[in-house]
Amino acid sequence: MAIDVRKPDDAYLSFWRERHICTLTTQRPDGSPHLVPVGATYDPEAGLARIITNKGSRKVANVLAALAQDPAGARVALCQLEGRRWATLEGRAVVRTEPGLIADAVERYAVRYQRTPAPNPDRVLIEIRLTRAMGNT
């Protein structure tokens with residue numbers, strides 16, 4: 001079922017506020033899918049999803065490789081599920097290195113996952129400008 005990215009219904013938004021591990025799908029340079037577990041946050045007001053990660057990760061390399069081909073961003077999908085409930089967010093990802101944006105993403109992560117990640121000088125932010133949402137919540 002299609003969902004308005006910026007105005008999701010209460011059930012969809014509530015599901016994204018619960019503590020769930022997500023999966024992020026990016027494309028490797030050869031076009032094959034790369035799917036990994038991540039912690040993520042959803043900000044419908046801004047139309048963004050955020051993932052904090054290490055700058056040396058494969059997912060970051062995939063996003064950067066895609067950006068070299070298309071400055072609009074890497075096409076990605078972010079999904080979570082529990083039983084029969086599921087929610088997927090799709091959009092264009094970029095890698096952000098600005099300390100303020102990373103700090104904000106860490107705070108959002110801490111709220112959702114009820115724990116503050118350890119400091120990491122190699123932390124970056126994968127920011128996804130959302131274009132589609134779907135799910136069954």
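These numbers come from a predicted model, not from an experiment.
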Would you check, one step at a time, whether the test side chain to side chain contact (heavy atoms under 4.5 Å, CB included) holds for L130 with L78?
CA-CA 10 Å; L130 301 171; L78 182 65; over 6 Å; no
For L48 and R129: C-alpha separation, side-chain torsions, deciding distance, then whether side chain to side chain contact (heavy atoms under 4.5 Å, CB included) applies.
CA-CA 5 Å; L48 297 174; R129 178 131 335 261; 3.6 Å; yes
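Annotation: side chain of T41 is not in contact with side chain of V111 (no heavy-atom distance under 4.5 Å). Between D9 and T137, some side-chain heavy-atom pair lies under the 4.5 Å cut-off. When side chains are defined from C-beta on, V5 does not count as touching P44, because their heavy atoms never get closer than 4.5 Å. Taking the side chain as every heavy atom from C-beta outward, N54 and V60 never approach each other to under 4.5 Å. Counting heavy atoms from C-beta outward, I126 and L24 have side chains that approach closer than 4.5 Å. Residues E18 and R85 have side chains in contact (heavy-atom distance under 4.5 Å, counting atoms from C-beta outward).
The hydrophobic cluster containing L13 does not contain Y109, counting ILVMFWY residues as joined when their side-chain heavy atoms lie under 4.5 angstrom apart, directly or transitively. Hydrophobic clustering, with ILVMFWY side chains joined whenever heavy atoms are under 4.5 angstrom apart, groups V63 together with V38. In the hydrophobic clustering of ILVMFWY residues, with side-chain heavy atoms under 4.5 Å counting as a link, L64 and V76 come out together. Hydrophobic clustering, with ILVMFWY side chains joined whenever heavy atoms are under 4.5 angstrom apart, keeps V95 apart from L125. Both V94 and V36 are part of a single hydrophobic cluster, where members link through side-chain heavy atoms under 4.5 Å apart.
Here the closest heavy-atom approach between residue G73 and residue L67 is recorded as CA-CD2, 3.4 Å. Contact record, G91 with T131: CA-OG1, 3.5 Å, taken as the closest heavy-atom pair. Taking all atoms of both residues into account, the shortest heavy-atom contact from M134 to I3 is CA-CG1, 3.8 Å. Taking all atoms of both residues into account, the shortest heavy-atom contact from G39 to I51 is O-CG2, 3.8 Å. In this structure, R112 and A40 approach most closely via the heavy-atom pair NH1-O, 2.6 Å.
In this structure, E127 CD and I102 CD1 are separated by 10.5 Å, a value rounded to the nearest 0.5 Å. With values rounded to the nearest 0.5 angstrom, R108 atom CZ is found 12.0 Å from I52 atom CD1. For the atom pair NZ of K59 and OG1 of T53, the computed distance is 3.0 Å after rounding to the nearest 0.5 Å. Atom CZ of R50 sits about 9.5 Å away from atom CZ of R96, to the nearest 0.5 Å. How far CD1 of I128 is from CG of D43: 12.5 Å, rounded to the nearest 0.5 Å. Taking CZ of R17 as the reference point, atom OH of Y12 lies at 13.0 Å (rounded to 0.5 Å).
In terms of modelled atom types and a separation under 3.5 Å, the side chain of Q80 and the main chain of F15 share a donor-acceptor contact. Within the 3.5 Å criterion, the main-chain N or O of A46 finds a donor-acceptor partner in the side chain of R6.
Within the structure, ring-ring contact (aromatic ring centres under 6.0 Å, His included) contacts touching residues 23-53 (residues at least two apart or in different chains) are W16-Y42. Among pairs with a residue in residues 63-80, those fulfilling salt bridge (Lys or Arg N to Asp or Glu O under 4.0 Å) read D70-R92, at least two apart in sequence or across chains.
Other residues, nucleotides and ligands contribute at most 12 non-hydrogen atoms within 6.0 Å of the CZ atom of R132. Other residues, nucleotides and ligands contribute more than 12 heavy atoms inside 6.0 Å of the CG atom of D4.
Under the rule for a side-chain contact (heavy atoms from CB on, under 4.5 Å), Q27 has no partner lying at least two apart in sequence or in another chain.
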